[in-house]
J.: 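Below you will find the structure I want to go over with you.
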Number of protein chains: 2
Amino acid sequence: MNSLSIPPAHLRDTLSRQAYFRGWDAGVLSRLAMGASQFSVGKDMPVLARGDVPEHLYLVVSGQVRLFIPLANGMERIVSLVMPGEGFGEVALLLGASLPYGVAACRDSHIIMVNARTYLAELSGAPALLEHTLRLVARQHQATLLDMEICSQPSSLLRVVRFLMNQRPCAEVDDGYEITLPGRKRDIAAKLGLTQETFSRMLSFLGQQGVIAMQGGAIRIGDGSKLRLMDASICAKEMQRA
Amino acid sequence: MNSLSIPPAHLRDTLSRQAYFRGWDAGVLSRLAMGASQFSVGKDMPVLARGDVPEHLYLVVSGQVRLFIPLANGMERIVSLVMPGEGFGEVALLLGASLPYGVAACRDSHIIMVNARTYLAELSGAPALLEHTLRLVARQHQATLLDMEICSQPSSLLRVVRFLMNQRPCAEVDDGYEITLPGRKRDIAAKLGLTQETFSRMLSFLGQQGVIAMQGGAIRIGDGSKLRLMDASICAKEMQRA
DNA sequence: CGGCGTTTTGAGGCGCATCAACCTGAGTGG
DNA sequence: CCACTCAGGTTGATGCGCCTCAAAACGCCG
């Protein structure tokens, strides 16, 4: 976790390029950049521990960061994979609460941290920003519930199928579509509440059933209806058991 | 789900008594009451299905309501138990999205629904309300993550122990404390990601270990440190396995 | 006291985690 | 250009824990 010293003007430009701040006022960004600083983290190095009270808003500039809940057996349940341009920590800041998750890098990453007081000051009384942030947090909440839906399912195969269905890009090519896993398989597995072994087994099963085709980190879904069929068939099987 | 016809003035008074609207302006409440209506739901009757696009903000006046994710085997994973004075549906309204959970009554309940357009109109451009709502949603998000932490734990006993630890009231009596389960055991179990059988077994185990004492729906925790000890011991056991 | 909803207790099977070994591909240095 | 290394992924064998199913016990209200 090496902190880099970067001039505020450059920081402001970097901030303005983050998707997180799309549509934000330039003046606001300048002021945010004043109390901001950038640092780098090596792969799998910790950034924040669960229970820390954050004093910054965090933005992932490059690399990838995971928010995770530490489990009793030493493993992690990944709550969110944060991609470049995205941020984390607002919710805890808004409540003045401690982080409900730990933070670590999935790979070598660059992160900017923005002073909390500055951030909160800009927010308070600014309807546009408040509305923007409200929607942001609402989206995060919805996403978390979607994750919960997946990893509450009783069958591990079903979890993988549902995950793949959710990964469909908006634009679907006529002969199916291709997705790139948003991270290492171990991290995806941890997000689905599975071990990487089970995840791997389910993927190869789907492969030999002809539902998907794996080629490295990319997965081809030749026909989306096969996935839906598989989904329905698993649900039917689970229902008759109960 | 019988809708009752109640005069707006009375509705306004009822709204103002809900904890949800604590601190809200009287004028705002009057306007919200205009497009509001009240209805009653019988125990275990559905209110909304997962995927519905809600057109109202919902407030539980009496009874208890559960927000749940339907599982493939016909069971439910309860996301939240909504008590009188609390509400639900804001997040989906704010995003114009469909509900990520189904809604049903845990017992005979009275619910008020407030017209979405009215609600959103009041909110937009009102910094105080926006800030209030932002914090509300942030709290909900934190609560969801806390639930996720519990029900991601690998041991069912640990989940129950963690749940009990989270139930501690702020004021702790010197000779321990007593908690009342916030709902039926089956519902609590569904919130912890357990079957009611497993939940029952874990509770009786904790009982015969002297960690807790059950008397109907109430649970005495003679000594909180015993719970923490049990927690630590389970974690140690899980760690050594891995 | 009788009825129902809820919880408890018991027996059994299966799925996933666990552990361990092997495979693959990318990066490195001689 | 190949030998080596290491991280990430795959595959196989085993055991335990929780879900499932079934039935009895409890608590509550009429």
Side-chain angles (χ1 to χ4, degrees), chain A residues 42-45 64 66 71-77 105-108 150-160 180-190 192-208 212 214-219 234 237-242, chain B residues 42-45 64 66 71-77 105-108 150-161 180-181 183-190 192-208 212 214-219 234 237-242:
Chain A
K43 186 201 307 194
D44 285 321
M45 298 301 286
Q64 186 183 43
R66 65 178 186 271
L71 301 183
N73 56 5
M75 308 198 62
E76 300 173 354
R77 170 83 234 299
C106 294
R107 52 178 93 141
D108 296 349
I150 287 182
C151 78
S152 296
Q153 296 299 337
S155 142
S156 59
L157 182 56
L158 183 58
R159 289 187 227 177
V160 174
T180 311
L181 290 179
R184 297 179 292 189
K185 288 196 178 172
R186 52 191 305 182
D187 293 329
I188 307 292
L192 302 181
L194 301 172
T195 60
Q196 64 177 339
E197 292 96 326
T198 302
F199 185 50
S200 170
R201 273 184 255 269
M202 296 305 134
L203 282 181
S204 27
F205 174 78
L206 288 175
Q208 78 189 40
I212 65 173
M214 284 196 301
Q215 40 220 17
I219 295 182
I234 301 171
K237 188 157 58 180
E238 292 293 330
M239 283 300 290
Q240 84 186 37
R241 285 168 47 92
Chain B
K43 186 201 305 192
D44 286 321
M45 298 302 285
Q64 186 183 43
R66 64 178 186 271
L71 301 183
N73 55 7
M75 306 198 63
E76 301 174 353
R77 169 89 215 337
C106 293
R107 54 178 90 141
D108 296 349
I150 288 182
C151 78
S152 298
Q153 296 300 338
S155 142
S156 59
L157 183 56
L158 183 57
R159 289 187 228 177
V160 174
V161 169
T180 311
L181 291 179
R184 295 178 293 189
K185 290 197 176 168
R186 55 191 299 182
D187 292 330
I188 308 292
L192 301 181
L194 300 172
T195 60
Q196 61 178 340
E197 292 96 325
T198 302
F199 184 49
S200 170
R201 276 183 250 270
M202 296 306 135
L203 283 181
S204 29
F205 174 79
L206 289 175
Q208 78 189 40
I212 66 173
M214 284 196 301
Q215 40 219 16
I219 295 182
I234 300 171
K237 188 157 57 177
E238 293 292 330
M239 283 301 289
Q240 89 186 31
R241 286 167 48 93

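Every value quoted in this text rests on a predicted model; they were computed, and no experiment measured them. Note on naming: letters A, B, ... go to the chains in the order of the sequence lines (proteins, then strands), and numbering restarts at 1 for each one.
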J.: From CD of Glu238(B) over to C1' of dC16(C), roughly how many Å is that when rounded to an integer?
T.: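 Rounded to the whole Å, the gap is 14 Å.
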
J.: Quick check: does any side chain N or O of Arg159(A) sit under 3.5 Å from a backbone N or O of Leu192(A), one acting as donor and the other as acceptor?
T.: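 Here the side-chain-to-backbone pair exists.
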
J.: How many Å lie between CD1 on Ile219(A) and C1' on dG9(D), as a whole number?
T.: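 Rounding to the nearest Å, CD1 of Ile219(A) and C1' of dG9(D) are 13 Å apart.
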
J.: Taking CG from Leu192(B) and P from dC18(D), how many angstroms apart are they, rounded to a whole number?
T.: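 In whole Å, dC18(D) P lies 13 Å from Leu192(B) CG.
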
J.: Just wondering, do Arg66(A) and Arg184(A) contact through their side chains at under 4.5 Å, heavy atoms?
T.: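 Yes - at least one pair of side-chain heavy atoms lies under 4.5 Å apart.
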
J.: Donor-acceptor check, side chain of Asn73(A) to backbone of Met239(B), threshold 3.5 angstrom: yes or no?
T.: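 No, the answer is negative, given that no donor and acceptor are paired below the 3.5 Å cut-off.
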
J.: Whole-Å distance between dG9(D) P and Gln215(A) CD?
T.: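 Going from Gln215(A) (CD) to dG9(D) (P), I get 16 Å.
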
J.: For the pair made of CG in Asp108(B) and P in dC28(D), what is the distance, rounded to whole Å?
T.: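 My rounded result for the distance is 18 Å.
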
J.: Specify the separation, in whole Å, of atom CG of Leu194(A) and atom P of dG15(C).
T.: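 It is 15 Å, rounded to the nearest whole Å.
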
J.: Do the non-hydrogen side-chain atoms of Leu203(B) and Ile219(B) ever get within less than 4.5 Å of each other?
T.: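 Answer yes - side chains close enough.
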
J.: For the side chain of Gln153(A) and the backbone of Ala72(B), is there at least one donor-acceptor N/O pair under 3.5 Å apart?
T.: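 Side chain of Gln153(A) to backbone of Ala72(B): a pair is present.
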
J.: Expressed in angstrom and rounded to an integer, what is the separation of Phe205(A) atom CZ from dT10(D) atom P?
T.: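 That distance rounds to 16 Å.
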
J.: Looking across every strand, which nucleic acid part, if any, lies under 4.0 Å from Gly207(B) by heavy atom: base, sugar-phosphate, or nothing?
T.: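 Touches nothing.
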
J.: Relative to the 5' end of DNA chain D, which residue comes earlier, Ser156(B) or Gln240(A), by the nucleotide with the nearest heavy atom?
T.: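 The answer here is Ser156(B).
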
J.: Write down the distance between CD (Gln153(A)) and C1' (dC16(C)), rounded to a whole number of angstrom.
T.: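 Gln153(A) atom CD is separated from dC16(C) atom C1' by 16 Å.
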
J.: Side-chain contact, heavy-atom cut-off 4.5 Å: Arg77(A) with Cys151(A)?
T.: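 Yes - at least one pair of side-chain heavy atoms lies under 4.5 Å apart.
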
J.: Which letters describe nucleotides 4-13 of chain C, given B = protein heavy atom under 4.0 Å from base, S = only from sugar-phosphate, - = neither?
T.: -SSBSBBB--

